[in-house]
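Numbering starts at 1 and runs along the sequence shown. These figures come from a predicted structure and were not determined experimentally.
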Amino acid sequence: QGHPHTRDYDDVTQEFMTTAIGDYCVHLCAEGPMPDHAIETTLLDASWAQACKVTRVNLAHAPQLAKLVTSCGSQVHSQLKTKLCPLIEAMFSFHSSQSKSVIKKNQILAESLKEGMNFAFKDMQRGFLKAPLIQKIINTMWFANKHGNRVMFHNHFKPFPYPALALVLTAIKCHIDEWMTGMQMDIPFTIQEYCGTYKSHLKCLQAFKDATKTYNVL
């Protein structure tokens, strides 16, 4: 009943699916964490082929199994948002309150953080990408896990890929958007809502890299 899970299948299929999902998740984060259908299909095909090679099992590309792999994308988004929530409140000092003055402070703070991507700077407009929050969420999200894909991430995330960094910046913006009224309102962190923001952050990172490549900043 309900959504299928890897554990619903036999041991051979489970091993295959665990391998395919792990590979897909790593490449998704490194190459296109907010994919359109074409990118999703390309990543899925590559991970399926890799799982066939690693497990030596030639498993048929069934739609239900494929969906188990690609659903990893929305799981990454919700995990990132969940892990960010307490960090953002603590590091930016947002406070839940019915008090008008606190609500106003939250509003002003959210507006100032979003202006010119201030949330990505260590100090206002100085030290781009040096905000402690960025390194903290990267470590929490991709390198703190003692199980699963941590080793795979270590291998693929040197240097840390721009698409994953753009996803982090986009998730931070989503959280700040939740405080724009001064009281936290839940905003889903979905491709539909935030793909445009993700693309503009990725473009910004590429431009920053080009502008600073002599200094090897990124």
Side-chain angles (χ1 to χ4, degrees), residues 25 28-29 32-35 71-146 153 157 160-209 211-212 215 217-218:
C25 192
L28 177 85
C29 293
M34 286 205 154
S71 66
C72 164
S74 55
Q75 286 163 21
V76 165
H77 300 154
S78 62
Q79 275 174 17
L80 181 58
K81 188 164 186 262
T82 304
K83 288 176 193 291
L84 258 175
C85 188
L87 292 175
I88 284 199
E89 285 184 35
M91 296 180 92
F92 290 144
S93 301
F94 284 111
H95 296 288
S96 295
S97 173
Q98 297 297 318
S99 151
K100 283 185 179 176
S101 64
V102 174
I103 290 168
K104 188 69 186 163
K105 268 185 191 169
N106 287 335
Q107 265 182 314
I108 293 166
L109 178 59
E111 283 166 15
S112 70
L113 285 168
K114 277 176 64 175
E115 191 182 339
M117 274 179 76
N118 277 331
F119 63 82
F121 290 82
K122 190 173 183 179
D123 303 303
M124 293 295 187
Q125 297 300 335
R126 288 179 60 194
F128 182 52
L129 301 176
K130 302 289 185 197
L133 172 66
I134 294 172
Q135 191 58 57
K136 203 163 180 61
I137 189 58
I138 285 170
N139 291 343
T140 307
M141 181 69 188
W142 285 287
F143 302 120
N145 179 10
K146 290 186 170 59
F153 282 127
F157 280 33
F160 195 78
Y162 296 157
L165 185 50
L167 184 71
V168 166
L169 296 176
T170 307
I172 294 171
K173 182 184 178 291
C174 172
H175 263 292
I176 295 167
D177 286 343
E178 292 190 331
W179 286 96
M180 286 300 284
T181 62
M183 296 172 79
Q184 192 178 15
M185 315 279 285
D186 186 53
I187 296 175
F189 184 44
T190 61
I191 292 176
Q192 290 82 353
E193 291 290 327
Y194 280 95
C195 191
T197 305
Y198 163 76
K199 284 179 178 171
S200 71
H201 282 153
L202 188 58
K203 203 171 169 184
C204 170
L205 290 172
Q206 296 286 5
F208 182 68
K209 180 202 171 190
T212 57
Y215 309 104
V217 175
L218 269 188

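- Considering every non-hydrogen atom in both Ala164 and Trp142, the closest pair reads O-CH2, 4.1 Å.
- Between Phe143 and Phe160, the ring planes lie perpendicular to each other; the angle is over 60°, past the 30° to 60° tilted range.
- With values rounded to the nearest 0.5 angstrom, Met117 atom CE is found 9.5 Å from Ile176 atom CD1.
- Although no hydrogens or angles enter the test, the distance criterion places a donor-acceptor pair under 3.5 Å between the side chain of His77 and the main chain of Pro33.
- The two residues Ile134 and Ile137 come nearest to each other via the heavy atoms O-CG2, 3.3 Å.
- Applying the ring pair (Phe, Tyr, Trp, His ring centres under 6.0 Å) rule to Phe92 yields no partners; only residues at least two apart in sequence or on another chain are considered.
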Compile the donor-acceptor pairs under 3.5 Å between side chains in residues 80-87 and protein atoms, sequence neighbours left out, one pair per line.
from  : atom 1 : to     : atom 2 : distance (Å)
Lys81 : NZ     : Glu178 : OE2    : 2.6
Lys81 : NZ     : Asp186 : OD1    : 3.0
Lys81 : NZ     : Ile187 : O      : 3.0
Thr82 : OG1    : Ser78  : O      : 2.8

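- Among all heavy-atom pairs drawn from Cys29 and Val76, the shortest one is SG-CG1, 4.0 Å.
- Taking NE2 of His201 as the reference point, atom CD1 of Ile172 lies at 9.0 Å (rounded to 0.5 Å).
- For the residue pair Met183 and Thr181, the shortest heavy atom distance occurs at O-OG1, 2.9 Å.
- Classification of the Phe94-Trp179 ring pair by plane angle, with boundaries at 30° and 60°, yields parallel.
- Here the CG-CG distance, from Leu169 to Leu202, works out to 10.0 Å after rounding to the nearest 0.5 Å.
- Here side chain to side chain donor-acceptor pair (under 3.5 Å) pairs that include residues 92-103, with residues two or more places apart or in two chains, are Ser99-Ser101.
- Within 6.0 Å of NZ on Lys114 lie more than 12 heavy atoms contributed by other residues, nucleotides or ligands.
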Original post:
Is there a side chain to side chain contact (heavy atoms under 4.5 Å, CB included) between Phe189 and Thr170 once you walk through the steps?
Top reply: CA-CA 9 Å; Phe189 184 44; Thr170 307; 3.7 Å; yes

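- Here the closest non-hydrogen pair linking Ile138 and Val168 is CG1-CG2, 4.2 Å.
- Panel note: side chain Asn106, backbone Gly182; a donor-acceptor pair is recorded below 3.5 Å.
- For the side chain to side chain contact (heavy atoms under 4.5 Å, CB included) with His175, the lone residue among Leu113, Leu133, Ile88 that qualifies is Ile88.
- Atom CZ of Phe128 is separated from atom CG of Leu205 by 5.5 Å, given to the nearest 0.5 angstrom.
- To the nearest 0.5 Å, atoms CD1 (Ile191) and OH (Tyr198) are separated by 10.0 Å.
- Side chains of Leu28 and Pro35 form a contact here, defined as non-hydrogen atoms less than 4.5 Å apart.
- Taken from OG1 in Thr197 to NZ in Lys173, the straight-line distance is 4.5 Å, to the nearest 0.5 Å.
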